[in-house]
Number of protein chains: 2
Amino acid sequence: MARTNKTQYAILGMLNYQPMSGYDIKKISDHSIGHFWNENYGNIYPVLKRMMREGLVTMDIQQGGSAPPRKVYTITAKGRQFFLDWLAGSPERQILREELLLQLFFGQWISPNIIEDKLHNESAFCSAMIKNLQQIKAHLEEDHGKNLPEQSVGTFAAGRPYWKMTVEFGLRYYQGIREWCDASLHELSQIDKGEKR
Amino acid sequence: MARTNKTQYAILGMLNYQPMSGYDIKKISDHSIGHFWNENYGNIYPVLKRMMREGLVTMDIQQGGSAPPRKVYTITAKGRQFFLDWLAGSPERQILREELLLQLFFGQWISPNIIEDKLHNESAFCSAMIKNLQQIKAHLEEDHGKNLPEQSVGTFAAGRPYWKMTVEFGLRYYQGIREWCDASLHELSQIDKGEKR
DNA sequence: TAGTTCATGTAATGAGTTACATGATTAT
DNA sequence: ATAATCATGTAACTCATTACATGAACTA
C-alpha cells in the first residue's frame with residue numbers, strides 16, 4: 001500500500017477556494033492550517049508541477065510589470081473530483097513518535113532535574129501554542145466575513161465552523177499535554193522525596 | 001541542521017538494559033514503547049550494522065543448534081556515552097500533521113454525515129487505545145518485579161515510574177482527542193439543525 | 001543601507017515504510 | 001496440514017526537510 005502524497009490534497013483544498021500561486025498557498029496554509037499541518041516550498045512547487053502534468057490544475061503566468069512573474073494555479077474539474085474523493089475517504093492517522101516520551105521512558109538513567117527541565121520546557125511550549133490558538137479562535141468568532149469580497153462571503157462563512165473545530169482540537173491537545181506535564185512534575189517530586197528519605 | 005536518526009537512540013536504550021538481538025529489540029519495543037514509538041525491522045537491522053561499524057555496539061553470534069543463529073548486540077562504553085548525551089539533550093517535537101484535521105478543515109465541501117462518521121471512527125479508535133493503555137497501567141501497578149531475574153530487579157523497579165508517565169501521556173492524549181470528537185459531534189448537530197430550520 | 005517580503009525553483013539528503021526473500025520450528 | 005512465530009536481511013520508494021540559488025521591491 002503505497003502511502004499517498006498528502007501535500008497535494010492540502011494544495012487542492014486551497015485552490016478549491018480560489019486560484020493562487022505556490023507562494024500564496026504557502027502563506028495561506030501557514031495562517032489557516034499551520035497549527036496542525038505544515039508545507040514547504042520545496043514540496044509545494046514540485047507537486048504543483050506534477051499536478052499540472054496530470055491535469056488536476058492549470059497554470060497562468062501573470063506578468064506584474066517589473067515585478068517577478070506570478071504563476072497562478074487553478075483547480076480543474078478533474079482536480080476537484082480528485083480532491084472530493086479524498087475528502088470522503090478515511091484519513092490516515094499520524095502515528096505518535098515523541099522524542100520527549102522516548103527520553104522520559106529512559107528517565108532512570110539521568111538526573112530527575114534534567115527530566116524536570118524537559119517537562120517545564122514542554123509545558124511552556126504548550127502555553128505559547130494555547131495563547132496563539134486562543135487568539136485565532138477569538139478572531140474566528142468575532143470576524144463574520146466583514147472584509148471579504150462579496151461573492152466569497154458564503155464560502156468563507158460556511159467554512160468557519162469547521163475551522164473552529166480544528167482550532168478547538170489544538171487547544172485541547174496542548175492543554176492536555178500541559179496538564180500531563182504538571183501531573184508528571186508532581187509525580188517526580190514524589191520520587192525525589194522518596195529517594196532523599 | 002541535519003535531522004538525526006532517532007531509531008539508534010531507541011535501540012541503544014534497549015541494549016542499555018541488556019544485550020539483545022535485533023528481533024528482541026523489535027519485540028520488546030513493541031511491548032514497552034510501542035504506544036508512542038514504532039520501529040521496523042527494515043530500519044533496526046541496518047542501524048545495528050552501522051552502529052557496529054561505529055563502535056557503539058558489539059555483536060556475538062549465538063548458534064542455537066539447528067535453529068537460525070541469533071546475533072546478539074551489546075552496548076559499548078562509547079555507545080552508552082552517546083546514548084546518555086542524547087538523553088540529556090533537548091528532544092525534538094513531533095510536528096502535528098493530522099489528515100483527519102485537514103479533511104475537517106475542508107468539511108464544508110462534503111456532507112456532515114461523512115464528517116460524523118470520521119469523528120465516530122476516531123472516537124472508537126481512541127476508546128480502543130485507552131482500554132489497551134489502562135491494561136498496561138494496571139499491569140505496571142500490580143507487578144512489582146516478581147518474575148524478574150534477581151540482579152535486574154533494581155533497574156526495572158527504578159524504571160517503572162517513568163514508564164508509567166509515558167502510559168499516562170497516552171491515556172490523557174487519547175482521552176483528550178475523544179472528548180474533542182464528542183464536542184465536535186455536538187457542534188455538528190447544531191449546524192445541522194440550523195440548516196434545516 | 002540593511003533587512004524583510006515577494007516569488008520561483010533545484011539539489012541533496014535522510015529517515016522511515018513497505019514489500020520482497022528465505023527458511024526452520026512450534027503450536028493448533 | 002497449516003498457520004504463526006522465530007530470525008535475518010535487502011531493495012525500492014517516497015515523502016518531506018533543508019540548503020542553495022537568484023533577484024527585485026519595499027520598508028525602517
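The chains referred to below are lettered A, B, ... by the order of the sequence lines, with proteins before strands, and numbering in each begins at 1. Everything quoted here is computed from the prediction, not taken from an experiment.
Of the listed nucleotides (C:dG9, C:dT17, C:dA15), C:dA15 has the atom at the smallest distance from the side chain of B:N5.
Remark: A:T7 is in phosphate contact with D:dA16, judged by side-chain N or O atoms under 4.0 Å from OP1 or OP2. Between A:N40 and D:dA16, a side-chain N or O to OP1/OP2 separation shorter than 4.0 Å is absent. For C:dG9, the OP1/OP2 oxygens have no side-chain nitrogen or oxygen of A:N43 closer than 4.0 Å. Under 4.0 angstrom from either OP1 or OP2 of C:dT10 there lies at least one side-chain N or O belonging to A:K49. Under 4.0 angstrom from either OP1 or OP2 of C:dG16 there lies at least one side-chain N or O belonging to A:R97. Taking side-chain N and O atoms only, A:Y23 has no distance below 4.0 Å to OP1 or OP2 of C:dT8. Between B:S21 and D:dT8, a side-chain N or O to OP1/OP2 separation shorter than 4.0 Å is present.
Taking atom OH of A:Y41 as the reference point, atom C1' of C:dA11 lies 19 Å away to the nearest angstrom. When the C1' atom of C:dA7 is taken as reference, atom CG of A:D24 falls 10 Å away, rounded to whole Å. Between the CD atom of B:Q8 and the P atom of C:dG14 there is a distance of 12 Å, given to the nearest Å. At whole-Å resolution of the value, CD1 in A:I44 and P in C:dA7 are 14 Å apart. Taking atom CD of A:Q94 as the reference point, atom P of C:dA15 lies 18 Å away to the nearest angstrom. A straight line from CD of A:E92 to C1' of D:dC15 spans 12 Å, rounded to a whole angstrom. Following rounding to the nearest Å, A:I95 (CD1) and D:dC15 (C1') show an atom-to-atom distance of 13 Å. At whole-Å resolution of the value, CH2 in B:W37 and P in C:dG16 are 7 Å apart.
Comparing B:K27 and B:P46 against DNA chain D, the residue whose closest nucleotide sits nearer the 5' end is B:K27.
Residue contacts for A:I25: at a heavy-atom cut-off of 4.0 Å it reaches no nucleic acid atom on any strand shown.
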Query raised in the report: Would B:K78 and B:Q81 count as a side-chain contact (heavy atoms from CB on, under 4.5 Å) if you check the C-alpha gap in whole Å, the side-chain angles of each, and the deciding distance to 0.1 Å?
Result: CA-CA 5 Å; B:K78 190 180 169 190; B:Q81 194 51 54; 5.8 Å; no
Requested in this report: Starting from the C-alpha separation in whole Å, work towards a yes-or-no answer on side-chain hydrogen bond (donor to acceptor under 3.5 Å, both in side chains) for A:R97 and B:N38.
Outcome: CA-CA 7 Å; A:R97 206 162 197 263; B:N38 183 54; over 6 Å; no
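With A:F83 as reference, A:N16 is the one residue of A:L15, A:L56, A:N16, A:I11 to meet the side-chain contact (heavy atoms from CB on, under 4.5 Å) rule.
A:K6 has its side chain within reach of A:W37: a pair of non-hydrogen atoms, C-beta onward, lies under 4.5 Å apart. Residues A:T166 and A:Y162 are not in side-chain contact: their nearest non-hydrogen atoms beyond the backbone lie 4.5 Å or more apart.
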